[in-house]
Amino acid sequence: LRRSLPGLSQRRAWALNLGGSGVSNVLPFGGAAGIGLNYAMLRSWGYSRSQISAYTAVSNLVVTVAKVAIAATGLVALLTMPAVAGALPWRPTAGTLAAAGAVSAALVAATAALVVRHRRRHSSRLAHALRSMWQHAGNALRRGWHLLTIGGIGYPVLQALLLWLCLSAVGAGASVVAVLVTYAAERLLTLVPLTPGGVGVVETGTVAILVAFGVSPAAAAAGVILFRVFSFLIEIPIGGLIAMAWFAGRRRQQS
């Protein structure tokens, strides 16, 4: 996050990360709410709209590329391993993938139509804003691409390590391959926005995958729940406290 927005301090980067996650983890499609909170926080710290847009674009690009790459790996594993796919509560068939692709294409087309429509009405102002945003984004990528890459790779690696440690702590005895496939599938299941953070869907699917690899159901459930506590649940109270502290500080400044 610091490399996505030059000049951002470590303390404020933590506030953005945990505050946004705390909000997005309690709402379906909560990512938009998290981005909205981050926008308000950055504006209160004096950043321009173009700087914030560039920060949002760069940081989310890194996260999205990493998550999609890992999720795609998990999808391939599910489709090529019948024992794993058969243990899931739902099967990712070709028809399901085609439907998801069609919905995604329709959303992209609708968004593009709205952008074109808005551009016709406010072409000069929009063009200026886009140029400014891409200039800030380009500068951030040029100056911090190496650390952005390290962060984009290091974060999921540490999460996979956390999953392995959680499973080891409960005596699951899962192999490295089982942990990697489970983590990749967990990233895939978090993309299903039926519940905040995929609660319920993620746990059921990942436990089923571990059981298909020979892990006992009790140990698999305990390890997955422990992992979700550290990677998802714990962010809610911490992020909530950070958001409340920021709101309280804003209110004092405005009074």
Side-chain angles (χ1 to χ4, degrees), residues 1-64 66-67 129 133 136-137 140 144 147-148 150-152 154-156 158-163 165-166 169 183 186-187 189-203 206 224-255:
L1 294 183
R2 292 182 64 193
R3 290 301 169 182
S4 299
L5 184 60
L8 185 67
S9 67
Q10 184 72 42
R11 179 177 63 84
R12 287 180 171 177
W14 277 111
L16 290 171
N17 185 12
L18 293 173
S21 295
V23 171
S24 62
N25 285 355
V26 297
L27 298 171
F29 301 96
I35 291 175
L37 175 62
N38 282 353
Y39 176 86
M41 295 171 78
L42 288 168
R43 286 292 288 167
S44 72
W45 297 333
Y47 289 98
S48 67
R49 290 183 176 87
S50 59
Q51 286 177 311
I52 298 172
S53 298
Y55 158 82
T56 303
V58 172
S59 60
N60 281 281
L61 175 65
V62 174
V63 172
T64 301
K67 178 174 278 193
M133 184 199 75
H136 287 297
L147 290 179
L148 285 169
I150 293 173
Y155 182 76
L158 290 174
Q159 277 202 320
L161 176 61
L162 174 62
L163 176 60
L165 291 173
C166 290
Y183 175 70
E186 188 265 350
R187 293 290 84 190
L189 293 170
T190 57
L191 298 175
V192 181
L194 299 177
T195 59
V199 172
V201 178
V202 172
E203 291 79 7
T206 50
V224 168
I225 291 173
L226 185 61
F227 171 72
R228 292 284 284 171
V229 167
F230 284 116
S231 64
F232 173 78
L233 185 62
I234 201 172
E235 293 180 341
I236 296 175
I238 296 176
L241 289 173
I242 290 174
M244 287 190 292
W246 175 79
F247 277 115
R250 285 289 293 165
R251 184 168 296 181
R252 285 195 300 268
Q253 292 177 358
Q254 294 172 353
S255 61

Going from [atom1] on [X] to [atom2] on [Y], what distance comes out if it is rounded to the nearest 0.5 angstrom?
X      : Y      : atom1 : atom2 : answer
Trp14  : Ser9   : CH2   : OG    : 12.5 Å
Gln51  : Thr56  : CD    : OG1   : 11.5 Å
Arg12  : Leu1   : CZ    : CG    : 14.0 Å
Ile242 : Asn17  : CD1   : CG    : 8.5 Å
Leu233 : Leu226 : CG    : CG    : 11.0 Å
Phe247 : Leu37  : CZ    : CG    : 5.5 Å

Walk me through whether Leu162 and Leu158 qualify under side-chain contact (heavy atoms from CB on, under 4.5 Å).
CA-CA 6 Å; Leu162 174 62; Leu158 290 174; over 6 Å; no
Could you pull out the closest heavy-atom pair between [X] and [Y], with the gap in Å?
X      : Y      : answer
Tyr183 : Gln159 : OH-OE1, 2.9 Å
Cys166 : Phe230 : SG-CD1, 4.1 Å
Gly34  : Val23  : N-CG1, 4.1 Å
Pro156 : Gly151 : CD-O, 4.4 Å

State which residues pass salt bridge (Lys or Arg N to Asp or Glu O under 4.0 Å) with Glu203; sequence neighbours excluded, sorted by chain then number.
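Only Arg228 meet the salt bridge (Lys or Arg N to Asp or Glu O under 4.0 Å) criterion with Glu203.
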With side-chain contact (heavy atoms from CB on, under 4.5 Å) as the test, would you mind laying out the steps for Leu16 and Leu8 before giving the verdict?
CA-CA 10 Å; Leu16 290 171; Leu8 185 67; 3.8 Å; yes
Can you tell which of Leu163, Val224, Val202 makes a side-chain contact (heavy atoms from CB on, under 4.5 Å) with Glu186?
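The residue from Leu163, Val224, Val202 that satisfies side-chain contact (heavy atoms from CB on, under 4.5 Å) with Glu186 turns out to be Val202.
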Please list, one pair per line, the donor and acceptor atoms closer than 3.5 Å that link side chains of residues 38-47 to other protein atoms, with sequence neighbours excluded.
{"unit_1": "Tyr39", "atom_1": "OH", "unit_2": "Arg49", "atom_2": "NE", "d": "3.2"}
{"unit_1": "Arg43", "atom_1": "NH1", "unit_2": "Tyr47", "atom_2": "O", "d": "3.2"}
{"unit_1": "Ser44", "atom_1": "OG", "unit_2": "Met41", "atom_2": "O", "d": "2.6"}
{"unit_1": "Ser44", "atom_1": "OG", "unit_2": "Trp246", "atom_2": "NE1", "d": "3.0"}

